[in-house]
Amino acid sequence: QERLVESGGGLVQPGGSLRLSCTASGFHFYMYAMSWYRQSQGKERELVATITHEDATHLVDSVKGRFNISRDNSKNTLYLQMTSIKPEDTAAYYCVRCAATVRSRCTQPDFWGHGTQVTVSS
C-alpha cells in the first residue's frame, strides 16, 4: 500500500528554521522525482520544490536561498529544510510523488501525503 507521511511541521517564529520530513513506503522511492507543495488559506496550491531521481533540484523563486530539498534513498525519506522563515510561508505543506518533471520541476503529481501545517508567528 503506497503511503507518504509528513512530519516536522508546527509553530515557528519569523526568521526561524524548520525541517519537514516525508517517509515513503509501498513503492520504489528511488525511481521517482519527489516534490513539496504548499497551500495557504484562500490561495491555490503552489509547487515549492522538486528533486529528481538524479538529485537535480528546483525551488520556486520565493524560497530560493532559504529552503533546500533533499532526499535519502536508503531511508525512503524526503526533506525540506526551511530557514529564514517568513510569515508568508505559513501553509499546509504536502509531500508529493511526481510521475513526470520538466526542467527539474514536477509537472505530473500523482500521489499526495496528507500534509503538515507550518504556522509562522511571533
* Is there a side-chain contact between V63 and V48 (heavy atoms, below 4.5 Å)? -> yes
* Measure the shortest side-chain to side-chain distance between T101 and T50 over non-hydrogen atoms and say whether it is less than 4.5 angstrom. => yes
* Asked: If you look at every heavy atom in A91 and R38, which pair is closest and at what distance?
  -> CB-CB, 3.8 Å
* **Heavy-atom closest contact (T77 atom, S21 atom, distance)** => CG2-CB, 4.4 Å
* To do: Apply side-chain contact (heavy atoms from CB on, under 4.5 Å) to the pair T90 and V118, showing each step before the final yes or no.
  => CA-CA 5 Å; T90 295; V118 173; 5.9 Å; no
* Student check: side-chain heavy atoms of V120 and P14 closer than 4.5 Å -> yes
* To do: Assess the pair Y37 and Y93: is the distance between their ring centroids shorter than 6.0 Å?
  => no
* Asked: Do you know which two heavy atoms are closest between A49 and L80, and how far apart they sit?
  -> CB-CD1, 4.2 Å
* **Heavy-atom side-chain contact between V96 and F111 under 4.5 Å** => no
* **same_hphob_cluster(Y94, F27) at 4.5 Å side-chain heavy-atom cutoff** => no
* To do: Give the intermediate values and the outcome of side-chain contact (heavy atoms from CB on, under 4.5 Å) for residues W36 and C95.
  => CA-CA 5 Å; W36 290 96; C95 174; 4.0 Å; yes
* Check the pair R45 / W112 against side-chain contact (heavy atoms from CB on, under 4.5 Å), numbers first and verdict last. => CA-CA 12 Å; R45 285 184 176 177; W112 295 69; 3.3 Å; yes
* **Over-ring placement of R71 relative to F29, 6.0 Å and 45° cut-offs** => yes
* **Minimum heavy-atom distance L47-V60, with the two atoms named** => O-CB, 3.6 Å
* Would you give the length of the straight line joining atom CD of Q13 to atom CG of L18, rounded to the nearest 0.5 angstrom? => 12.0 Å
* Asked: Taking all atoms of both residues into account, what is the closest heavy-atom pair of A99 and D110, and its distance?
  -> CB-OD2, 3.7 Å
* **Basic-acidic side-chain contact under 4.0 Å: K86, D89** => no
* For S62 and E46, which heavy atoms make the closest approach, and how far apart are they? -> OG-OE2, 4.2 Å
* Show the numbers, then the answer: is there a side-chain contact (heavy atoms from CB on, under 4.5 Å) between M82 and R19? => CA-CA 6 Å; M82 308 166 65; R19 188 177 77 162; over 6 Å; no
